[in-house]
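Worksheet: the structure to be examined is printed underneath.
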Amino acid sequence: MLSTAATVAPLPLVGEVDPMRAFVTKNHPRPARSPIIRSEVVYESQKQQAAIASLVNEFTILPAKLKEIKDCFKSEMVKGLGKQGETLAMVQTHILGRPNGSETGTYLTLDIGGTYLRVVLIELSQGRKVSTRQKKYAIDPLLKIGEPKLLFDFMASCIDSFLLANEAVIPKESQLDLGFTFSFPVLHTSVNSGTLIDWTKGYNCHGMVGKDPAEFLQQALLSRNLTVNVAALMNDTVGTLLSHAFTYPRTVVGLGLGTGSNAAYIERVDRIGKRDTTVLGNNAEVIAQEMVINVEFGAFDNERTVLPRTMFDNKVDRKSLNPSKQLFEKMIAGMYLGEITRSVLLDLIDNRLLFRGQSSHKLDTPWEFLTEYMSVIEEDSTPDLEEVRRVLEDSLGLGRFESLETQFAAMAETAGLTRGGELPKEPATTLSDRQIVKLVVELVGKRSARLTAAALGGILEHTMGYTWARNEAERQGGVDIGVDGSLHGYYPGYESDLIRGLEELFALEPEMSFLFANDCDSGGFMGKIRLGRCLDGSSTGAALGAALATRSAAQPRADSQRGH
């Protein structure tokens, strides 16, 4: 047995790898935005005021545009379900059905992220209890751009080390099924195999595209004589969906909103036009089943037809490791929001509309304006924006500069050519500077949430467009959505902005009115769209994926025996 310190799913915050969660303390899990009052912003010139007004216009997505994006997203979903190679990959996971809370067993999971990988031992018990042991391992940046074999050998070595450390609980000789959370676009050929479509999140191992990551890992495990079977290969968002469904069985969507962004949802097999009938079969029992679909929505609108992209988005894209790819993700994901903000601030600086035209070494350095800084800035409610000042001056070094006159005066003082006394110093950031920075941050963060609302709205409309799903949602009094990631859980105002975007969208769609309250005076959803935080969903979900895969594999054998 595992540790007796069991908890009720979703799992508590342990071993989290997202840097934003390390920055925002556990004691303040969901800070509230302190919005900037635009009429109170102190502008130093009409030119500055006009420039900020232009930014507000560029980054504000009005309801009509939001609906246009949502409608385009829906149509791309249908195209992706119809055939391979579409912008929305709509990956078939081959995971049939949903957890029902009866899953039992002990499973190993491996979750690889941008900076760390985690090995987790999970025990599932009836009654929806889980207990875990886990360890996090740092990934050498060179492994992310080197030979694939080195990366997968490292994964196997971490598993080996973990099993040795826990052999008192699970002896090394025991056969373990493993759920492999591999959060990169993969074209699945079965529940535990697939081919890599493309690297994301800063990875670019040579020659891996088109290869099977599960097979690479399995071979690395075999080379170490480890009796571990890769039973399920999945994305972390699929894991979030499965983990939330373990507690709330009628969950329809899993949403990942953190360093990266993606969604998975429940689809009926008969709606998947590109399904491989040689693998799934084509009888009535099979096609009436449900399958988890990994949307891979980060690539939405790579054609640049509908998203309101700015020159700042284009700059971030051009300087990324994967130019012209994952364009939607680059507008909404935590990995990119700080860099978008930095680009906006530098443009204002270059036009001498911010910080008196002065920058700093850190602000001039790509990726140094961290998205967690945005979280602190959004929350600041002090009259003088003291937290904004701290970020700008203490963390980014703004205001730590001297004019040429000051430098010459210092040289003269040192040479004894002037009288003593205090040398004049340039002022630090002004209140106007800090107000403008706070406004820019709010524009970038709110746009991210509203674009996410367009994608989620498209998924919900697509799903509720089917009678079976709509009837179920009405019977359940709404829909459950599992969400993991620091943007949803820890970025001030993100969830409320997301919900507000959904309300605006569905107010324009009469067929979705059943998700609104009957009380017209209240407006809003009244809990009918239930966004549930699903901390550490990728690990629990990977274990559940392995459990479902084992159950599916056993079913044909049972059917065959009944046939005899």
Side-chain angles (χ1 to χ4, degrees), residues 61 66 68-93 113-114 181-188 194-205 208-210 213 233-238 240-241 253-265 267 272-274 292-310 313-337 339-340 447-448 450-459 462 485 487:
I61 305 176
L66 205 62
E68 181 187 0
I69 297 169
K70 180 264 297 177
D71 289 343
C72 181
F73 192 95
K74 276 179 60 180
S75 66
E76 291 298 317
M77 287 180 68
V78 174
K79 287 161 61 175
L81 288 171
K83 65 178 182 177
Q84 306 290 3
E86 295 295 329
T87 302
L88 289 186
M90 305 298 286
V91 177
Q92 303 171 76
T93 65
T181 303
F182 185 76
S183 299
F184 304 92
V186 169
L187 178 62
H188 281 259
T195 58
L196 177 66
I197 298 172
D198 209 348
W199 286 110
T200 57
K201 302 180 179 69
Y203 283 76
N204 193 21
C205 291
M208 188 65 202
V209 172
L233 172 68
M234 67 178 63
N235 182 279
D236 55 352
T237 312
V238 173
T240 295
L241 170 58
V253 179
L255 200 59
L257 298 173
T259 304
S261 298
N262 191 23
Y265 76 104
E267 183 64 271
I272 306 171
K274 64 183 180 184
V292 179
I293 295 293
N294 170 20
V295 179
E296 286 296 344
F297 72 28
F300 171 60
D301 199 39
N302 275 355
E303 301 87 351
R304 304 173 188 256
T305 60
V306 68
L307 290 176
R309 297 180 58 78
T310 67
D313 299 303
N314 293 332
K315 285 181 180 179
V316 171
D317 174 48
R318 283 196 298 270
K319 295 179 180 179
S320 68
L321 290 174
N322 55 345
S324 299
K325 297 179 180 179
Q326 299 294 108
L327 296 186
F328 186 57
E329 182 171 70
K330 289 172 184 173
M331 297 177 74
I332 66 173
M335 179 176 179
Y336 301 99
L337 297 186
E339 186 65 5
I340 295 170
R447 186 187 68 162
S448 168
R450 290 177 67 79
L451 287 173
T452 299
L456 179 57
I459 294 170
H462 171 86
L487 285 181

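Both backbone and side-chain heavy atoms feed into the values below; hydrogens, waters and symmetry mates do not.
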Problem - Residue pair V306 / F300, side-chain heavy-atom distance below 4.5 Å - result: yes
Problem - Nearest-0.5 Å distance, CD1 of residue I332 to CG of residue L337 - result: 8.5 Å
Exercise for the section: Could you pull out all residues at least two apart from D198 that satisfy side chain to side chain donor-acceptor pair (under 3.5 Å)? Expected result: K325
Practice task
Can you sort out the partners of R318 under salt bridge (Lys or Arg N to Asp or Glu O under 4.0 Å), two or more places apart, ordered by chain and number?
Solution key: none
Exercise for the section: Test N314 against K330 for side chain to side chain donor-acceptor pair (under 3.5 Å), laying out the working first. Expected result: CA-CA 10 Å; N314 293 332; K330 289 172 184 173; over 6 Å; no
Problem - Heavy-atom side-chain contact between Y336 and E329 under 4.5 Å - result: yes
Completion exercise
Those residues at least two apart in sequence (or on a different chain) that pass ring pair (Phe, Tyr, Trp, His ring centres under 6.0 Å) with H462 are Y265, Y466
Practice task
Using a strict 4.0 Å threshold on nitrogen-to-oxygen distance, state whether R304 and D317 make a salt bridge.
Solution key: yes
Handout entry: Donor + acceptor pair across side chains of D236, T240 (<3.5 Å)
Key = no
Fill in the blank from the handout: Of all heavy-atom pairs linking N302 and T87, the shortest is N-CG2, 4.0 Å
Handout entry: Note, D313 side chain near I340 side chain (heavy atom, < 4.5 Å)
Key = yes
Exercise for the section: Mind checking salt bridge (Lys or Arg N to Asp or Glu O under 4.0 Å) for K70 and listing every partner two or more places apart, or none if nothing turns up? Expected result: E461, E509
Exercise for the section: Please work out which of the three classes, parallel, tilted or perpendicular, describes the rings of Y203 and W199, given edges at 30° and 60°. Expected result: parallel
Handout entry: Over 12 non-hydrogen atoms of neighbours within 6.0 angstrom of NZ in K274
Key = yes
Exercise for the section: Kindly write out the residues that satisfy side chain to side chain donor-acceptor pair (under 3.5 Å) with D71, not counting sequence neighbours, or none if the list is empty. Expected result: K67
Exercise for the section: Mind jotting down which residue pairs meet the salt bridge (charged side-chain N to carboxylate O under 4.0 Å, His left out) criterion with at least one end in residues 450-459? Sequence neighbours excluded, please. Expected result: R450-E504
